[in-house]
Amino acid sequence: MEKSVNTHSCSIDELKNVRVPLLIFGAGATGEALLQICRLNGIAVTGLCDNSSAKTDTILRDTVIYHPSQLKNLFPEAFFLIGVADIQDIVTQLHTLGYDRWSSCLLLENQNTAGLDWGDRPKDFIDFAINTCLLCHRRYLEPDRLFLRSVDVMVTERCSLRCKDCSNLMQYYQKPRNFELDELYAGLDAMLAAIDEINDCRVIGGEPLMHREVHQVVSHLTANPKVKRVAIYTNGTILPRPEQMEAFRHPKVLFLITDYGPLSKRLTDLVALLQAENITSYVHPGDGWTACSGIGCHNRSAEQLQQIFSVCCARNLLTLCGTKLYRCPFIANAAQLRAIPTRPENYVDLAQGDSVMQRTRISEFIAGTTFFPGCDYCDGRSWTGTPVPAAVQATQPLPYQTCQEQ
Ligand code: SF4
Ligand code: SF4
């Protein structure tokens with residue numbers, strides 16, 4: 001029976017035939033949905049597993065969350081249901097740990113998930129997280145489709161705050177600038193022509209509302225059927241202007257507002273304004289920061305670079321900077337700051353070649369690398385990094401070494 005279970009897209013009935021401990025990889029919304037569905041169908045789940053060490057040995061719905069490093073000792077054999085959007089990373093991680101039996105979360109598509117229990121958590125947010133996961137798993141199992149889970153669209157280098165540990169390196173910009181609309185549209189249009197679908201375009205800066213024409217970028221994105229959602233990430237210091245509201249009222253748009261306490265001085269007004277305009281918004285606390293914003297050449301060996309890349313939680317944060325598509329915000333901004341050597345391996349140049357060529361290049365870029373040259377300038381961004389207080393302000397731009405080798 002075990003053989004038939006290893007389809008990578010198994011059904012509830014097939015799961016019932018699993019004869020080794022069943023673990024769910026991912027303790028987020030999708031993992032929790034899988035746990036509830038298994039329970040409802042009488043399937044015993046031995047445990048959950050999550051890369052975030054903050055969750056290790058905690059309990060979710062009476063089920064222990066293990067760290068991957070604990071697995072082999074506790075469960076020499078196991079079957080994994082994957083509830084994490086970046087399924088490719090998890091499959092690789094499981095293989096490295098010595099496990100080859102796993103299934104995607106696609107069984108959720110055939111289950112009635114409407115009645116699952118989420119307490120007072122926002123249902124549409126949970127649905128979005130689960131649907132994102134489903135889309136990613138479908139794409140992984142249908143490699144001919146080029147689906148991007150999420151892309152950060154950087155519209156400005158300017159921010160209304162200057163957090164000294166900003167992981168997007170805003171604290172280093174001496175003369176931050178807005179991206180021109182032409183430049184933004186050139187990058188977006190080339191990327192959208194090359195791919196099949198983007199689940200989540202995250203409009204970011206710095207502070208995206210510092211760009212007076214950000215609403216036009218938002219309209220450009222919402223008008224494209226390949227874009228499923230447009231999320232505006234803001235720090236609660238600026239109110240949108242009246243002429244921007246029409247673009248922001250689009251059903252694909254939502255605001256994600258980080259609450260930095262007294263620094264987010266327009267937070268209450270912003271939430272009230274968005275509610276009055278019927279625009280979806282969520283406020284989340286600005287916590288959980290780790291030290292990851294230093295820039296400097298480390299002269300690491302290839303093995304050392306592979307190691308920091310393999311545990312990096314930002315390595316799949318696709319970031320579009322003008323016409324260059326990067327894999328993480330560190331390299332994107334370090335390149336903007338001219339703090340790292342220009343190396344073509346660090347990005348996809350969307351200004352070069354046609355959409356067929358771009359499609360191949362993007363597919364290869366997101367699928368297969370063990371590190372980027374730019375990683376040598378990064379302190380690393382692991383799940384278990386050193387915590388730092390959030391949003392401590394610098395009074396002036398922080399110094400850094402510009403790179404002569406451009
Ligand atoms: S608010 Fe702080 S963390 Fe956010 S982009 Fe600005 S400087 Fe960076
Ligand atoms: S530079 Fe490399 S290690 Fe640093 S955040 Fe980006 S992918 Fe991760």
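Atoms within a ligand are numbered from 1 in the order they appear, just like the ligands themselves. Residue numbers start at 1 and run along the sequence shown.
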Inset, instruction - Measure the acute angle between the ring planes of H215 and F248, then classify it against the limits of 30° and 60° as parallel, tilted or perpendicular. - result: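 H215 vs F248 ring planes: perpendicular.
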Legend entry - Salt bridge R177-E183, side-chain N to carboxylate O under 4.0 Å: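 Salt bridge between R177 and E183, a charged N being under 4.0 Å from a carboxylate O: yes.
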Legend entry - For atom 8 (Fe) of ligand 2, every protein N/O/S atom that sits closer than 2.8 Å, waters excluded: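 Listed by chain and number: C312 SG.
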Inset, instruction - Provide the number and element of each atom of ligand 1 under 4.0 Å from a heavy atom of W289. - result: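 Those atoms are 3 (S).
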Inset, instruction - Enumerate the atoms of ligand 1 whose separation from the nearest heavy atom of C159 is less than 4.0 angstrom. - result: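 Numbered from 1, ligand 1 contributes 1 (S), 5 (S), 6 (Fe), 7 (S).
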Inset, instruction - Just grab all the salt bridge (charged side-chain N to carboxylate O under 4.0 Å, His left out) pairs involving residues 367-382, residues at least two apart or on different chains. - result: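 For residues 367-382, and leaving out neighbouring residues, there are no salt bridge (charged side-chain N to carboxylate O under 4.0 Å, His left out) pairs at all.
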Inset, instruction - Kindly state each residue pair satisfying salt bridge (charged side-chain N to carboxylate O under 4.0 Å, His left out) with at least one member in residues 345-357, sequence neighbours excluded. - result: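 Checked against salt bridge (charged side-chain N to carboxylate O under 4.0 Å, His left out) - neighbours excluded - the pairs reaching residues 345-357 are R343-E345.
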Legend entry - Distance flag, aromatic centroids of F372 and Y377, threshold under 6.0 Å: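 No, too far apart.
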Inset, instruction - State yes or no: are the ring centers of Y99 and F75 separated by less than 6.0 Å? - result: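 That pair fails the under 6.0 Å test.
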Could you list the donor-acceptor pairs under 3.5 angstrom formed by side chains in residues 388-401, with sequence neighbours left out?
from : atom 1 : to   : atom 2 : distance (Å)
Q393 : OE1    : R162 : N      : 2.7
Q393 : NE2    : A391 : O      : 3.0
Y400 : OH     : L337 : O      : 2.8

Inset, instruction - Would you check whether N235 reaches within less than 4.0 Å of ligand 1, judged by its heavy atoms? - result: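 Yes; N235 lies near enough to ligand 1 that a heavy-atom distance drops under 4.0 Å.
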Legend entry - Close approach of G206 to ligand 1, heavy atoms, under 4.0 angstrom: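 G206 counts as a contact of ligand 1 under the 4.0 Å cut-off.
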Nearest neighbour in protein (non-hydrogen) for [atom]:
{"atom": "atom 7 (S) of ligand 1", "value": "C163 N, 3.4 Å"}
{"atom": "atom 4 (Fe) of ligand 1", "value": "Y260 OH, 3.9 Å"}
{"atom": "atom 8 (Fe) of ligand 1", "value": "C166 SG, 2.4 Å"}

Legend entry - Verdict with supporting geometry, E207 and T234, side chain to side chain donor-acceptor pair (under 3.5 Å): CA-CA 6 Å; E207 167 51 58; T234 181; 2.9 Å; yes
Inset, instruction - Assess R229 against F128: is NZ or CZ under 6.0 Å from the centre of the six-membered ring, and within 45 degrees of the ring's axis? - result: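 The answer is yes, since R229 meets both limits relative to F128.
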